[in-house]
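Since this is a predicted model, take the numbers as computed values, not measurements.
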Amino acid sequence: MHPVIDKSRTGQHIFYWNVDNPVGLNAINMMDDVLFVQWCFYKMSKWIHLSVDSRSHYSKTGVNGLCTGREGDPLINAITVLQQDQDLMVDGRVSPPSSSTSYSYHGEKHRFLIFYLNAALRVLHPQQYPRLDLMPEFIWRIKDKATSPFI
């Protein structure tokens with residue numbers, strides 16, 4: 001995972017956290033990327049504005065840095081549920097956007113799931129975002145990456 005400073009469609013500079021490689025179904029599933037995505041789903045499982053069914057799927061992901069890359073994996077199930085809930089293309093993956101992609105808080109079908117994960121963190125912890133390390137229950141195994149932009 002790494003920080004990105006990008007421009008929105010309106011030309012504003014936007015900070016967001018990105019994965020280095022795809023996470024999920026048939027993906028590379030590097031530990032730091034998987035930990036970050038799992039943690040985002042863990043945080044979203046606490047969000048009262050989601051359906052009970054979605055929160056239930058999100059809460060089953062665990063935060064251990066492991067993803068099999070195969071159907072039936074709890075993280076892939078959570079990714080698929082979020083993609084369906086947001087009416088996005090369902091591929092069971094969180095992929096890094098290309099450098100030509102504009103950040104969108106709320107995307108269209110072609111937008112990347114990583115934008116939704118960042119938006120959820122921003123809404124859940126507006127006083128701390130983008131400082132992941134200041135959020136409750138931060139995953140310290142990614143401390144170096146999460147704090148490097150702010151040192």
Side-chain angles (χ1 to χ4, degrees), residues 1-126 128-132 135-139 142 145-146 149:
M1 65 170 270
H2 64 277
V4 175
I5 297 177
D6 201 353
K7 283 190 177 181
S8 70
R9 289 182 176 190
T10 62
Q12 290 180 303
H13 283 90
I14 302 289
F15 180 102
Y16 67 94
W17 291 100
N18 200 359
V19 290
D20 294 317
N21 296 290
V23 171
L25 186 63
N26 301 318
I28 295 171
N29 293 317
M30 299 295 293
M31 180 178 263
D32 287 353
D33 291 332
V34 171
L35 274 170
F36 173 66
V37 172
Q38 287 174 328
W39 184 67
C40 288
F41 278 104
Y42 168 78
K43 298 303 274 180
M44 288 174 57
S45 74
K46 309 293 184 193
W47 201 352
I48 61 171
H49 298 292
L50 296 176
S51 71
V52 172
D53 187 49
S54 293
R55 283 195 319 244
S56 173
H57 278 94
Y58 301 163
S59 68
K60 293 176 185 170
T61 61
V63 183
N64 59 13
L66 303 175
C67 179
T68 64
R70 295 187 298 267
E71 290 198 30
D73 185 278
L75 180 58
I76 294 169
N77 292 342
I79 291 168
T80 302
V81 167
L82 181 56
Q83 289 172 328
Q84 291 168 340
D85 286 351
Q86 297 301 322
D87 197 28
L88 298 171
M89 179 183 73
V90 178
D91 63 0
R93 295 168 68 133
V94 175
S95 299
S98 65
S99 59
S100 63
T101 303
S102 292
Y103 183 87
S104 173
Y105 289 106
H106 305 288
E108 298 90 33
K109 277 190 184 270
H110 64 278
R111 290 291 172 212
F112 291 83
L113 201 61
I114 195 70
F115 297 157
Y116 287 90
L117 298 176
N118 276 270
L121 292 176
R122 186 180 296 104
V123 169
L124 288 164
H125 300 288
Q128 293 91 4
Y129 188 89
R131 291 291 305 267
L132 304 178
M135 293 179 189
E137 303 172 300
F138 172 66
I139 41 172
I142 61 169
K145 290 185 177 191

- Might you point out which heavy atoms bring Leu75 and Thr61 nearest each other, and give the distance in Å? CA-CG2, 4.0 Å
- Task: Can you tell me which residue pairs pass the salt bridge (charged side-chain N to carboxylate O under 4.0 Å, His left out) test with a partner in residues 50-68, sequence neighbours excluded?
- Result: none
- Report the residues that fulfil side chain to side chain contact (heavy atoms under 4.5 Å, CB included) with Met1, sequence neighbours left out, ordered by chain and then residue number. Trp17, Asp33, Phe36, Leu132, Ile142, Lys145
- Roughly how far, to the nearest 0.5 Å, is the CD1 atom of Ile114 from the CG atom of Asn118? 5.5 Å
- Note on the structure: Hits for salt bridge (Lys or Arg N to Asp or Glu O under 4.0 Å) against Asp73, two or more places apart or cross-chain, chain-then-number order -> none
- Message: Just to verify, what does Asp85 make a salt bridge (Lys or Arg N to Asp or Glu O under 4.0 Å) with, not counting sequence neighbours?
- Response: none
- Item | Positive for side chain to side chain contact (heavy atoms under 4.5 Å, CB included) with Val34, one of Ile28, Asn29, Val19, Leu66 | Asn29
- Is the shortest heavy-atom distance from the side chain of Trp47 to the side chain of Ser54 under 4.5 Å? no
- Taking the side chain as every heavy atom from C-beta outward, state whether Asp32 and Asp20 have any pair of such atoms under 4.5 Å apart. no
- Message: Measuring from atom CZ of Arg93 to atom CZ of Phe112, what distance do you get when rounded to the nearest 0.5 angstrom?
- Response: 11.0 Å
- Query: Which atom pair, heavy atoms only, marks the closest approach of Pro149 to Pro3?
  - Reply: CG-CG, 3.5 Å
- Message: Under the rule for side-chain hydrogen bond (donor to acceptor under 3.5 Å, both in side chains), what residues qualify as partners of Asn77, not counting sequence neighbours?
- Response: none
- For the atom pair SG (Cys67) and CD1 (Ile76), what is the distance rounded to the nearest 0.5 Å? 4.0 Å
- Item | Side chain to side chain, Tyr116 and Leu88, heavy atoms closer than 4.5 Å | yes
- Of all the heavy-atom pairs spanning Gly92 and Ile79, show the shortest one and how long it is. C-CG2, 3.4 Å
- Residues which pass side-chain hydrogen bond (donor to acceptor under 3.5 Å, both in side chains) with Asn64, listed by chain and number, not counting sequence neighbours: Gln38
- Message: For Gln84, give me all partners under side chain to side chain contact (heavy atoms under 4.5 Å, CB included), at least two apart in sequence or on another chain.
- Response: Thr80, Val90
- Query: Cut-off 3.5 Å, side chains only: do His13 and Asp6 have a donor facing an acceptor?
  - Reply: no
- Is there side-chain contact between Val81 and Gln83, with heavy atoms separated by less than 4.5 Å? no
- Message: Just checking Met30: does its CE atom have more than 12 heavy atoms from other residues, nucleotides or ligands closer to it than 6.0 angstrom?
- Response: no
- Sorted by chain and residue number, the side chain to side chain contact (heavy atoms under 4.5 Å, CB included) partners of Ser59 (sequence neighbours excluded) come out as Ser45
- Query: Taking all atoms of both residues into account, what is the closest heavy-atom pair of Gly65 and Leu35, and its distance?
  - Reply: N-CD2, 3.4 Å
- Results of side chain to side chain contact (heavy atoms under 4.5 Å, CB included) for Lys43 - residues two or more places apart only: Trp39, Leu121, Leu124, His125, Pro136, Glu137
- Query: Going by the ring pair (Phe, Tyr, Trp, His ring centres under 6.0 Å) test, which pairs reach into residues 50-92, not counting sequence neighbours?
  - Reply: Phe41-Tyr58
- If every non-hydrogen atom of Ala27 is compared with every non-hydrogen atom of Pro22, which pair is closest and at what distance? CB-O, 3.3 Å
- Separation between CD1 (Ile139) and SG (Cys40), nearest 0.5 Å, reads 7.5 Å
